[in-house]
Structure formats: structure tokens, C-alpha cells
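Please read the structure below before turning to the comments.
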Amino acid sequence: MKKKKEDAKQVKADDAKICCLCGELIIGAYDYVRTRRRTEMYFHKGMKCRKEK
């Protein structure tokens with residue numbers, strides 16, 4: 001049963017999004033852009049981190 005718990009923790013860690021502008025973990029709403037090379041970039045909703053600088 002420990003195996004299932006470890007898998008659940010990994011799934012949650014994989015779902016975590018990191019902002020491309022500030023490098024912080026995104027909690028809550030986010031925007032993302034898919035580039036021509038099929039990579040995805042995630043940003044805080046409304047780019048809040050850009051306004052703070």
C-alpha cells in the first residue's frame with residue numbers, strides 16, 4: 001500500500017505549475033501559452049508577478 005501513497009504524492013508534485021516570469025509556485029488560477037515548439041509556459045493569472053516589480 002505504500003506504493004500507492006507514493007504515486008499519489010508524485011502526481012500532486014507533477015501537477016504543480018511554476019511561473020516563467022518569477023519562478024514561484026503557482027497556487028490557484030494561472031494562464032499558459034503553448035509555443036510553436038509545443039512547450040508550455042505558465043504565468044500567474046493576469047501576470048500579477050509582473051505588476052509587483
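Note that these values count all heavy atoms, side chains included, but never hydrogens, waters or copies made by symmetry.
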Euclidean distance, Lys45 NZ relative to Tyr30 OH, rounded to 0.5 Å: 10.0 Å
- request: Please round to the nearest 0.5 Å and tell me the distance separating atom CE of Met41 and atom OG1 of Thr35.
  value: 7.5 Å
statement: Rounded to the nearest 0.5 Å, the CD1 atom of Ile18 sits from the CG atom of Leu25 at a distance of 6.5 Å
- request: Provide the closest heavy-atom pair for Phe43 versus Cys20 in the form atom of the first, atom of the second, distance.
  value: CE2-CB, 3.9 Å
Within 45° cone of Tyr42 ring axis and under 6.0 Å: Lys17 NZ or CZ: yes
